[in-house]
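In listed order, ligands and their atoms are each counted from 1. Side chains included, hydrogens not; waters and symmetry mates left out as well; all remaining heavy atoms used.
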Amino acid sequence: MARRYWNEEIETIGPAARRRLENERLAEQIAYNWAASPFYRAKLEGAGLTPRRIRAVEDLALVPFTEKTEIAESQRTGSLLGATRCAPVDRIVRIQATGGTTGQPMRIGLTRQDVEDYGEMGARALWAMGCRPGDVVFECMNYNLYAGGVSDHMTFETVGAATIPFGVGQSERLLQMMAALEDELCLWSTPSYAMRLAGLARDKDIDPRTLRLRKGFFSGEAGMQVPGFRERIEATWGMVARDQYGTGELGLHSGECEHRNGVHFGGVGFAVAELIDPDTGDVLPFDDGRQGEVVYTSIRREACPLMRMRSHDLMQVFTETCACGRTSFRLRILGRSDDMFIVKGVNVFPQSVQAVVLTLAPRLNGEFRVVLDRPPPIDYAVPVEVEVARDVPEAHHADLAAELVERLRKELNFTAAARLTEAGSIASEAKTRRVVRTYRADERAP
Ligand SMILES: [Zn+2]
């Protein structure tokens, strides 16, 4: 079988050749952004830069970040694609919206070339995930506006898979259709949907394993990284489950190979990734095992190129060549950087704090909030607010707070200042923010 999306030149490219390719395309892209977008030009000028100054990926450290909120804001007044649009509208052939995890959805446009590049990048990721011509893929993502629908669908077609645009919200019909087919099948969905579908099948006395779903391509959630979850999906369906990562702004770009040691970045030649310290914005060395917030810059994009766009996604990267032969870096998503804080060089995630808070249930109900009121470094007792159960007498509150502080110190190695609040004061109907920063974003420690 032709290994169309095992592009030897790209997949096994050495570090020096990759850097040459990236530097060359980066310089072209920055000059293009400068000429085409007054917004990007102002950003560069504001930092005292002209395109000639940006000749290599390392020079990106001089370029100011772009926040998604800036793009969303520029679209709010009615502008179709906002301030980062670099191609005229008569060259745009597709417009989609990003999920808006920050609460600010934004529109992204693609030219015909961008669509082709999106397909190529996604196809590399899918090939790594074991997708091949001959696969019959049920695409069960949301097709309404979202990149996971039409655009990701097209990456499967690029590979040559027989792709069924199923969408969401018709699970019973999906089960009927699967049951009526004698072919081996594949599923493209979120991991939680795969489990929901299995539950629905069992409700109808169908053993999920009889539906012959043999490959699961999963995206959109961290589910595959939750211990035991992948094994459950695989055992439930009798399938091989592979993980994928992408963003609405950049596209489906990374997929997990058979060695399952993180997802391979498939965007070589299309985008570069940097790692930064989420609190200071300083660039971190991109070396094996390093953790940081990822920042993306397009190096071949016409309609809406990204220029140092902060993802606020925290990841760990692996740069050693994989046993599969791919030389691109691998990544593992750790969580949203907005929700993480660093104490004495150690990353603390809300889930870890929650786990400790829950050891004091039912006296504490598990609702909590970390309030950072001063800029980093955190050399002070970290304020942690927790909801206390209604039946705990006030006289016991001080002891309970002291117990929590002691457990946080022992388990997570930081000193907290615990404050007990009444039940219902922290949790909200929307997703509760677990880490709140009350200092101004431009404040820095002296
Ligand atoms: Zn690999």
**Prompt:** Is the shortest side-chain N to carboxylate O distance from Glu58 to Arg19 below 4.0 Å?
**Reply:** yes
**Request:** Any side-chain hydrogen bond (donor to acceptor under 3.5 Å, both in side chains) involving residues 162-183? Give me the pairs, sequence neighbours left out, ordered by first then second residue.
**Result:** Gln170-Arg173, Ser171-Tyr193
**Asked** Knowing that exactly one of Thr297, Asn23, Ile30 qualifies, which makes a side chain to side chain contact (heavy atoms under 4.5 Å, CB included) with Ile54?
**Response** Ile30
**Request:** Show your reasoning for whether side chain to side chain donor-acceptor pair (under 3.5 Å) applies to His253 and Tyr118.
**Result:** CA-CA 8 Å; His253 58 72; Tyr118 191 116; over 6 Å; no
**Option from Phe217, Phe156, Phe218, Phe138 for which ring-ring contact (aromatic ring centres under 6.0 Å, His included) with Trp188 holds** = Phe156
**Request:** Give every protein N, O or S atom lying under 2.8 Å from the Zn ion (ligand 1), naming each by residue and atom.
**Result:** Cys257 SG, His264 NE2, Cys322 SG, Cys324 SG
**Item:** Presence of salt bridge, Arg20 and Glu24, under 4.0 angstrom
**Value:** no
